[in-house]
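In this text the structure is predicted, and so the values were computed from the model without any measurement. Residue numbers start from 1 in every chain, and the chains themselves are labelled A, B, ... in the order their sequence lines are given, proteins ahead of strands.
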Protein chains: 2
Amino acid sequence: MTASPADSSLFERLEVPSAYQMVFKAIEGEIVAGRLREGDRLPTETALADQFGLNRSTVREGIRLLEQAGLVRREAGRRLHVSLPHAAELAPRVSRAMVMQRVTFRELWRVAMALEPAAAAEAALGADPAHLERLEENLAATLAAAEAGQPITPWDVEFHTLIAEATGNRALILCREPMSLLFYPAIRPLFGNHAKGHTAVQRLIAAHGAILTALKSGDAATAEAWMRRHIVDFKRGYDVQGLDMDAAVDRRTAPE
Amino acid sequence: MTASPADSSLFERLEVPSAYQMVFKAIEGEIVAGRLREGDRLPTETALADQFGLNRSTVREGIRLLEQAGLVRREAGRRLHVSLPHAAELAPRVSRAMVMQRVTFRELWRVAMALEPAAAAEAALGADPAHLERLEENLAATLAAAEAGQPITPWDVEFHTLIAEATGNRALILCREPMSLLFYPAIRPLFGNHAKGHTAVQRLIAAHGAILTALKSGDAATAEAWMRRHIVDFKRGYDVQGLDMDAAVDRRTAPE
DNA sequence: GATTATCCGTTTGTCGGACAAAGCATGGCC
DNA sequence: GGCCATGCTTTGTCCGACAAACGGATAATC
């Protein structure tokens, strides 16, 4: 006798959604569809429970899902209101996933080699005075930190984030932000010697300066070229210091 | 009398975490630190409530946060167990954020212009036979769909995803997956005329074929060049069809 | 012997009600 | 007009409860 149809994989496992998941989907749908807009207040928990015909506890579980999804927020004042998920909330989750998957610096670096030069080029085209000024300030702060023998890594990370923001390309910003978070601990050891005369620091500042100059003159090709050289330098730093590019990155503070 | 110190902004508003958030942080911490590994079972809700000294309802709210974060999952059997957040769960959230921020096709396309050629080049270097075979099958399926006058867009999207996976670069995979989801509806109208002889379809198939050939011979430069040409073609398609590259993408099915 | 039916303890999903603490509003008081 | 006391509302947390579903063990059936 042949196997009965029930033995074959005719039917997939079917997901039976629970009530609290339906609450999530219902409200998520309203938000994505635009009927609930950013800033709009949601009804009271009891009101929601009434409307859905569910218990407040059940509704609350649904609200927790929305909360973690970044779709609603509870400010100082109690009341819930709708909020767009921004890069600041999404990026940590993606970078946490990268950490847990034990992504290596080499992997990060290759993506940076693709994204950062492109960001520089695009920023050169859409140069916004306000962003350029913030980049100027960043460069000045980097110089000051270097002269004072203080860590420059935070300024470096900010420099690259500012360039991404200067493009105005939100897809790009959302893409690279998770990696930006991981780059911070990853490149910190490269500038362990904070002395002003430290070669790596000097090269970094020279590159940042050249990129900013290119941005100001709208020279996309030069900005892109300098950025590429700058990113290559990170790899060089890893080699020079004998660090392992194939070690998993993490968010712990890297050793000095 | 001068203003008392309490009036000045000495102290920032301090976030008092609620119990259910502490539950989230506690379990999240164990997972990120690696003391709870993928597949490990979590204690019963009642057991957790006992350990934390909280009520089961409160613990459940914390579990909802973990669930939405993709850190725990509840399979067929009831019991909770730890799971690593993968691209499949994170990508929809990022792409939803892009939709809600009304990201345009132009923005997406610029990022694709940076990432896709880099992915092709990297895939050419780390060519894994299994992945190449899946790409072969994909190409055959694309051809078959074109001959049968059926939509080729799903196969095209899969082709690019397969290339990203062939690199083995998980940072790259996590970066581009959200955009991959949005590309599907965005480029669908480009291949509205499914006829085999349709120019855009022919060019797509030619490009995919050339890229795959380059991958098989490990020729990174050629793979990268063809991919760049291929991505440029998407922009061309938008121009030719008179579509607006500055319109916000969405996840709704694009019109035929 | 393998499959099916039955039973039982466990765990989850949902419910109803309760209360303290913290916000918001209101009105009275100086 | 500005300040404080008061009451109402809303949230965060707790308690207790129960049906449904699951897991596993045992008995019944072919």
Side-chain angles (χ1 to χ4, degrees), chain A residues 1-8 10-27 36 39-69 71-83, chain B residues 1-4 6-7 11-28 36 39-69 71-83:
Chain A
M1 194 179 276
T2 69
S4 75
D7 287 352
S8 73
L10 234 178
F11 300 108
E12 297 178 3
R13 166 157 203 93
L14 54 108
E15 286 298 326
V16 181
S18 37
Y20 70 87
Q21 287 167 334
M22 295 298 294
V23 170
F24 172 73
K25 281 188 190 171
I27 300 180
L36 281 175
D40 285 359
R41 283 208 201 135
L42 283 174
T44 306
E45 291 181 357
T46 24
L48 281 173
D50 284 347
Q51 293 181 35
F52 287 125
L54 295 172
N55 191 279
R56 187 163 79 97
S57 312
T58 307
V59 171
R60 278 176 67 83
E61 295 193 26
I63 292 177
R64 294 302 154 252
L65 296 182
L66 290 166
E67 186 179 299
Q68 177 66 13
L71 291 173
V72 305
R73 202 173 304 184
R74 210 184 277 290
E75 294 260 325
R78 294 345 230 141
R79 208 60 169 280
L80 275 180
H81 60 266
V82 179
S83 77
Chain B
M1 193 180 275
T2 68
S4 74
D7 287 350
F11 299 108
E12 299 176 3
R13 167 162 200 89
L14 56 110
E15 287 298 325
V16 181
S18 35
Y20 70 88
Q21 287 168 334
M22 296 298 295
V23 171
F24 173 73
K25 281 189 191 170
I27 300 180
E28 178 204 25
L36 282 175
D40 284 1
R41 285 209 197 132
L42 284 172
T44 306
E45 291 181 356
T46 20
L48 281 173
D50 285 347
Q51 293 182 34
F52 286 125
L54 295 172
N55 189 277
R56 188 163 79 97
S57 312
T58 306
V59 170
R60 280 177 64 83
E61 294 193 28
I63 292 176
R64 294 301 154 252
L65 296 182
L66 291 166
E67 187 180 299
Q68 176 67 12
L71 290 173
V72 305
R73 202 172 303 185
R74 208 184 279 289
E75 292 259 325
R78 291 336 221 165
R79 209 58 169 282
L80 276 179
H81 61 265
V82 178
S83 77

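Each of B:Arg56 and B:Glu61 has a nearest nucleotide on DNA chain D; the 5'-most of these lies closest to B:Glu61.
Atoms CD (B:Glu67) and C1' (C:dT12) sit 12 Å apart, rounded to a whole Å. Whole-Å rounding puts the A:Arg60 CZ to C:dG13 C1' distance at 16 Å. One can place CZ of A:Phe24 at 18 Å from C1' of C:dG13, the figure rounded to the nearest angstrom. As a whole-Å value, the separation of A:Asp50 CG from C:dT14 C1' is 16 Å. Distance CZ (A:Arg73) to C1' (D:dT11): 19 Å, rounded to an integer number of Å. Whole-Å rounding puts the B:Met22 CE to D:dC14 P distance at 13 Å. Rounded to an integer number of Å, the gap from A:Ile63 CD1 to D:dT10 C1' is 11 Å.
The B:Arg79 side chain lies nearest to C:dT12 when the options are C:dT12, D:dC15, C:dG13. Residue A:Glu45 has its side chain nearest to D:dG12 when only C:dC15, D:dG12, D:dC14 are considered. Picking from D:dC14, C:dG13, D:dT11 the nucleotide with the shortest atom distance to the side chain of B:Arg74 gives C:dG13. Candidate nucleotides D:dC14, C:dT11, D:dG12 were compared by shortest atom distance to the side chain of B:Asn55, and D:dC14 ranks first. Proximity note for A:Ser57 (side chain, C-beta onward) versus C:dT12, C:dT14, C:dC15: the nearest is C:dC15. Nearest nucleotide to the side chain of A:Ser18, out of D:dT10, D:dG12, C:dT14: C:dT14. Checking C:dG13, D:dC14, D:dT11 against every side-chain atom of B:Thr58, the shortest atom distance belongs to D:dC14. Distances were taken from every side-chain heavy atom of A:Leu54 (C-beta onward) to each of C:dT11, D:dT11, C:dC15; the shortest belongs to C:dC15.
One N or O on the side chain of B:Arg79 and one on the backbone of B:Leu42 form a donor-acceptor pair closer than 3.5 Å.
Taking every heavy atom of both residues into account, B:Ile63 and B:Val72 meet most closely at O-CG2, 4.4 Å. Taking all atoms of both residues into account, the shortest heavy-atom contact from B:Gly39 to B:His81 is O-CB, 3.7 Å.
The side chain of B:Arg64 contributes an N or O atom lying less than 4.0 Å from OP1 or OP2 of C:dG13.
A salt bridge is defined here as a Lys NZ or Arg NE, NH1 or NH2 lying under 4.0 Å from an Asp or Glu carboxylate O, and B:Arg64 with B:Glu67 meets this definition.
With 3.5 Å as the limit, one finds no donor-acceptor pair spanning the side chains of A:Glu61 and A:Thr58.
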